[in-house]
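Below, all heavy atoms of this structure are taken into account, side chains as well, without hydrogens, waters or symmetry copies.
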Amino acid sequence: MTHLKNDTLLRALLRQPTEYTPVWMMRQAGRYLPEYNETRKRAGSFLALCKNPDLATEVTLQPLARFPLDAAILFSDILTIPDAMGLGLYFVEGEGPRFERPLREEWEIRDLSVPDPWEHLGYVMEAVSRIRKALDGEVPLIGFAGSPWTLAIYMIEGRGGTDFLLTKKMAYERPDLLHHVLDINARAITAYLNAQIEAGAQAVMIFDSWGGVLSHAAYQEFSLRYMEQIVSGLYREREGRRVPSIVFTKGGGLWLESQAAIGADALGLDWTIDLAAARTRVGDKVALQGNMDPAVLLSTPEAIEREVAAILASYGKGSGHVFNLGHGITQFTPPENAACMIEAVHNFSRQYHQ
């Protein structure tokens, strides 16, 4: 077993006793950090940064040099998989990701195949391996992927941030085609996450960014069942240690019970859910991760400390809570406010772990 100096995150995800509540932040390596912006400028573009293992390692480690975080998360993008499928990923400044060849014709969908993660996404595995080496056992490394439904939206719409009508139309008019896309995605994501685990990731997370836009029945059919398929195919152990899995559906608070039943170790929560209520609903099935509104970090140290204290109190005594934001940190966050939150979590949470 690889020795970890700080394995608090892994223990919390497995609901084992910890001395305090561990904390990391979604998008913790990002535009709110001046050092990240410098590295991104050197890379030339966001995509070039993702595809350069040296620079991806550099930006993954930047927040850890600045803050006493309890985990590193791989710097990459959820759309690397559809890019490896040949859809032609590119980014428009200020508008986000686009695909040159979105899935519009039936033959394009039938032609989709599962990319070999080592062959087509080797730059990601190289980054994982280098980050693990650079971390030198300080904290665990989290790997991640987008959910099949979330990837399908980008692949069909050709971009994010839309009303998702093309994808939803396919769901109701040609569910067979959408299920084909989702099955290919689920198999690709399973292989991709397992490759990350082989390369050194010590926990993995599935980001279902758009699951919350679905109806109750459609969520079960087009999102949750495919995440369950992935979780059931993940490596559960590596290097003599359990590899925890986290599933996060933004806007998914209505379905916590069914999420808790798919076999993942932890559920991510956005800020619309009360932690105490969530803990009551899922019982001891899973750990919970979350769930501060990232906008709180734009306020004052006093407001941040108040909110941290309220969230910790809401979860209450015992292990099984990983403190996080309810979504990614915004680029407008002063770094000192992130530091304030992390310090408050570490200080205030010890009373709940006596």
* Donor-acceptor pair, E157 side chain versus L166 backbone, under 3.5 Å? -> yes

Residues passing the side-chain contact (heavy atoms from CB on, under 4.5 Å) test with F91, sequence neighbours excluded, are F46, L47, D77, L89, P97

Item to complete: May I ask you to check whether over 12 heavy atoms, not counting those of K5, lie within 6.0 Å of atom NZ?
Response: yes

Atom CD of E198: over 12 foreign heavy atoms under 6.0 Å: yes

Backbone of L182 reached by a side-chain donor or acceptor of R187 within 3.5 Å: no

Notebook entry, point to check: Is there a side chain to side chain contact (heavy atoms under 4.5 Å, CB included) between R42 and T39 once you walk through the steps?
Noted result: CA-CA 5 Å; R42 276 180 20 234; T39 309; 3.9 Å; yes

- Task: Flag the pair R27 / H327 as yes when at least one side-chain heavy-atom distance between them is below 4.5 Å, and no otherwise.
- Result: yes

Can you check whether P68 reaches I342 side chain to side chain, under 4.5 Å on heavy atoms?
-> yes

Tracing side-chain contacts under 4.5 Å among Ile, Leu, Val, Met, Phe, Trp and Tyr outward from L298 reaches F332

Review point. Side chain of W149, backbone of W210: donor and acceptor closer than 3.5 Å?
Key: yes

NZ/K317: more than 12 non-hydrogen atoms of other groups inside 6.0 Å: yes

Taking atom CD of E19 as the centre, does the number of heavy atoms from other residues, nucleotides or ligands within less than 6.0 Å exceed 12?
no

Please test S314 against R279 for side chain to side chain contact (heavy atoms under 4.5 Å, CB included), starting from the C-alpha separation and ending with a verdict.
CA-CA 9 Å; S314 181; R279 191 177 182 184; over 6 Å; no

Can you find a pair of side-chain heavy atoms, one from Q202 and one from R132, that are under 4.5 Å apart? yes

Check: Is there a donor-acceptor pair closer than 3.5 Å between any side-chain N or O of N6 and the backbone N or O of E138?
Finding: no

Spell out, as yes or no, whether a donor-acceptor pair under 3.5 Å connects the side chain of R101 to the backbone of G86. yes

Contacts of N194 meeting side-chain hydrogen bond (donor to acceptor under 3.5 Å, both in side chains) (sequence neighbours excluded), chain-then-number -> none

Check whether the side chains of S223 and D208 place a donor and an acceptor atom closer than 3.5 Å, and report yes or no.
-> yes

Do K41 and E38 sit within salt-bridge range, that is, some charged N less than 4.0 Å from a carboxylate O? yes

inquiry  = If the threshold is 4.0 Å, N to carboxylate O, is there a salt bridge linking R104 and E108?
reply    = no

task: Find out whether L79 and L87 are in side-chain contact, i.e. whether some heavy atom of one side chain is under 4.5 Å from a heavy atom of the other.
output: no

* State, yes or no, whether a side-chain contact exists between Q28 and F67 at a heavy-atom distance under 4.5 Å. => no

Sorted by chain and residue number, the ring pair (Phe, Tyr, Trp, His ring centres under 6.0 Å) partners of Y352 (sequence neighbours excluded) come out as none

Problem - Test item: T333 side-chain N/O and P335 main-chain N/O as donor-acceptor pair under 3.5 Å - result: no

Worksheet item: Quick one: do I246 and M26 end up in the same hydrophobic cluster if we chain Ile, Leu, Val, Met, Phe, Trp and Tyr together by side-chain heavy atoms under 4.5 Å apart?
Response: yes

Closer than 3.5 angstrom, by distance alone: can the side chain of K168 be matched with the main-chain N or O of V213 as a donor-acceptor pair? yes

**Study point:** Test log, rule side chain to side chain contact (heavy atoms under 4.5 Å, CB included), inputs M292 and L297
**Key:** CA-CA 9 Å; M292 192 163 93; L297 293 181; 3.6 Å; yes

Test: E126 and R130 ion pair at under 4.0 Å: yes

To the nearest 0.5 Å, atom CG of N291 lies from atom CZ of F248 at 9.0 Å

Starting from the C-alpha separation in whole Å, work towards a yes-or-no answer on side chain to side chain contact (heavy atoms under 4.5 Å, CB included) for T330 and Y32.
CA-CA 7 Å; T330 96; Y32 74 107; over 6 Å; no

So, Q331 versus Y36: side-chain donor-acceptor pair below 3.5 Å or not?
-> no

Q.
Checking the side chain of R98 only, and the main-chain atoms of Y90 only, is there a donor and an acceptor separated by less than 3.5 Å?
A. no

Between R159 and P102, is any pair of side-chain heavy atoms under 4.5 Å apart? no

Residues 264-320 vs ring pair (Phe, Tyr, Trp, His ring centres under 6.0 Å), sequence neighbours excluded, gives Y315-H321

For residues 177-207, the ring pair (Phe, Tyr, Trp, His ring centres under 6.0 Å) pairs (sequence neighbours left out) are F144-F207, H179-F222, H179-Y226

Quick check against the 3.5 Å criterion: does T280 have a side-chain atom that pairs as donor or acceptor with the backbone of A276? yes

### Message
I'd like to know if the side chain of H353 pairs up with that of T21 as donor and acceptor (distance under 3.5 Å, no hydrogens or angles considered).
### Response
yes

Shortest non-hydrogen pair, A152 vs V181, comes out as CB-CG1, 4.0 Å

Side chains of R66 and L33 in contact at under 4.5 Å (non-hydrogen atoms): yes

Residues K169 and D163 bridged, charged N to O under 4.0 Å | no

Would you say Y219 and T249 are linked by a side-chain donor-acceptor pair, where the criterion is simply a distance under 3.5 Å?
yes

Are any of the side-chain heavy atoms of L267 and K285 separated by less than 4.5 Å? no

Has S319 got a side-chain atom pairing as donor or acceptor with Q16's backbone, closer than 3.5 angstrom?
yes

